[in-house]
Amino acid sequence: MQNGTVTMYCESLLRKLKNNREKIGESVLKKRYANAYKRLLDEICEEVRELLYQFLFSGLCFSHVTDTELRKFIADAQGIINQEHEQLQKMSSIVFKEYDIVKALVSIEPLKNRIFNEAYRNIFNVHCYKKDGKIGNDIINMIWSPEHQLWIAEDKCSASVMFPPSLDDCA
């Protein structure tokens with residue numbers, strides 16, 4: 001499913017959950033409708049998990065990344081996620097008490113930033129290179145423009161504000 005479709009579907013599941021809790025009550029749902037209630041909660045968890053990973057890793061490019069580098073990134077990202085247990089609990093609380101997936105995702109922006117700045121930066125910097133007096137990056141296929149402080153595509157049709165190059169990492 002596309003991100004917007006997943007978000008809309010998740011929102012519809014959350015509306016159903018809220019409606020059921022308000023009209024029937026959680027204790028009745030847990031007793032009389034236990035199986036259906038559990039299926040609904042499981043489906044919400046699955047959709048939230050998908051949205052979480054889409055949100056955390058959106059905008060990251062992995063072209064020219066080796067399997068070893070990708071495995072290291074995943075391990076580093078998972079380590080960061082494991083450290084941010086409180087943020088994930090807050091997100092879960094927003095989802096299941098406020099029924100707001102967008103607010104829940106916004107609440108974990110600091111986690112997304114940590115993954116980007118800590119785990120992704122390591123891969124990105126390794127893929128900087130020097131050629132003909134210019135600094136490039138083969139993950140985003142762009143050249144650094146010091147005067148603009150941007151990465152610019154060779155055709156000059158796109159630019160990126162990714163990390164500035166680390167000269168120590170440029171091969």
Side-chain angles (χ1 to χ4, degrees), residues 1-11 13-14 43-96 98 100-171:
M1 272 193 235
Q2 295 292 333
N3 190 21
T5 306
V6 174
T7 304
M8 290 182 348
Y9 182 61
C10 189
E11 288 172 337
L13 292 173
L14 290 172
E43 193 169 4
I44 291 169
C45 286
E46 184 178 320
E47 295 300 313
V48 168
R49 189 176 302 110
E50 184 175 338
L51 284 168
L52 171 65
Y53 283 102
Q54 286 178 8
F55 177 75
L56 290 177
F57 303 118
S58 65
L60 303 182
C61 183
F62 293 97
S63 63
H64 305 283
V65 171
T66 67
D67 288 345
T68 302
E69 290 170 329
L70 187 57
R71 279 192 297 276
K72 177 156 180 14
F73 167 78
I74 291 168
D76 290 349
Q78 188 61 56
I80 292 167
I81 290 167
N82 292 344
Q83 291 171 13
E84 298 295 343
H85 185 70
E86 285 183 25
Q87 278 191 38
L88 294 172
Q89 282 183 319
K90 179 181 176 186
M91 178 191 175
S92 179
S93 178
I94 293 168
V95 168
F96 290 104
E98 298 180 39
D100 190 337
I101 188 61
V102 174
K103 183 177 179 182
L105 292 172
V106 168
S107 77
I108 59 162
E109 185 77 31
L111 175 58
K112 179 182 176 84
N113 291 338
R114 271 198 70 197
I115 290 169
F116 182 73
N117 287 312
E118 294 174 30
Y120 189 68
R121 180 186 298 258
N122 294 334
I123 289 177
F124 187 86
N125 286 345
V126 168
H127 285 266
C128 287
Y129 61 87
K130 291 179 185 174
K131 182 179 177 186
D132 301 328
K134 296 180 180 179
I135 298 173
N137 186 288
D138 66 359
I139 289 181
I140 57 174
N141 295 314
M142 293 185 175
I143 304 297
W144 179 250
S145 172
E147 63 271 16
H148 299 105
Q149 295 292 296
L150 288 171
W151 292 97
I152 300 177
E154 287 189 36
D155 64 5
K156 303 205 183 342
C157 289
S158 60
S160 174
V161 293
M162 284 288 200
F163 313 106
S166 170
L167 297 179
D168 296 336
D169 294 318
C170 291

Legend entry - Within 6.0 angstrom of Glu154 CD, more than 12 heavy atoms from elsewhere: no

Legend entry - Any side-chain heavy-atom pair of Thr7 and Glu47 under 4.5 Å: no

Legend entry - Separation of Ile115 CD1 from Ile108 CD1 (nearest 0.5 Å): 8.0 Å

Legend entry - Heavy-atom side-chain contact between Val161 and Leu150 under 4.5 Å: yes

Inset, instruction - Kindly say whether Phe163 contributes a backbone atom to a donor-acceptor pair with the side chain of Trp151 at under 3.5 angstrom? - result: yes

Inset, instruction - Apply the test side-chain contact (heavy atoms from CB on, under 4.5 Å) to residues Ile152 and Met142: give CA-CA distance (whole Å), side-chain angles for both, the deciding distance (0.1 Å), then the verdict. - result: CA-CA 5 Å; Ile152 300 177; Met142 293 185 175; 5.9 Å; no

Legend entry - Min side-chain heavy-atom separation Ile101-Leu105 under 4.5 Å: yes

Inset, instruction - Have a look at Phe62 and tell me which of Phe124, Phe57, Phe73 forms a ring-ring contact (aromatic ring centres under 6.0 Å, His included) with it. - result: Phe73

Inset, instruction - Give the minimum heavy-atom separation between Gln149 and Pro146, together with the two atoms involved. - result: NE2-O, 2.7 Å

Inset, instruction - Compute whether any side-chain donor of one residue and acceptor of the other, for Asn82 and Gln78, lie under 3.5 angstrom apart. - result: yes

Legend entry - Cys61 SG to Ile123 CD1 distance, which is reported to the nearest 0.5 Å: 11.0 Å

Legend entry - Closest non-hydrogen atom pair, Asn141 against Ser63: ND2-OG, 4.3 Å

Inset, instruction - Check the pair Lys131 / Ile143 against side-chain contact (heavy atoms from CB on, under 4.5 Å), numbers first and verdict last. - result: CA-CA 10 Å; Lys131 182 179 177 186; Ile143 304 297; over 6 Å; no

Legend entry - Separation of Gln87 CD from Ile80 CD1 (nearest 0.5 Å): 11.0 Å

Legend entry - Minimum-distance pair of heavy atoms, taken over all atoms of Asp138 and Tyr129: N-CE2, 3.7 Å

Inset, instruction - Enter the distance from Cys10:SG to Glu50:CD here, rounded to the nearest 0.5 Å. - result: 9.5 Å

Inset, instruction - Measure the shortest side-chain to side-chain distance between Leu88 and Leu111 over non-hydrogen atoms and say whether it is less than 4.5 angstrom. - result: yes

Inset, instruction - Start with the C-alpha distance between Asn122 and Val126, add both sets of side-chain angles, then the distance that settles side-chain contact (heavy atoms from CB on, under 4.5 Å), and finish with yes or no. - result: CA-CA 6 Å; Asn122 294 334; Val126 168; 5.8 Å; no

Legend entry - Glu46 CD to Tyr9 OH distance, which is reported to the nearest 0.5 Å: 8.5 Å

Legend entry - Nearest heavy-atom neighbours spanning Arg114 and Glu84: NH1-OE2, 2.6 Å

Inset, instruction - Flag the pair Asn137 / Trp144 as yes when at least one side-chain heavy-atom distance between them is below 4.5 Å, and no otherwise. - result: no

Legend entry - Minimum side-chain heavy-atom gap Glu118-Asp76 below 4.5 Å: no

Inset, instruction - Look at the side chain of Ser92 and the backbone N and O of Gln89, then say whether any donor-acceptor pair between them is shorter than 3.5 Å. - result: no

Legend entry - From Met162 atom CE to Ile139 atom CD1, the distance as rounded to the nearest 0.5 Å: 8.0 Å

Legend entry - Student check: side-chain heavy atoms of Glu11 and Val102 closer than 4.5 Å: yes

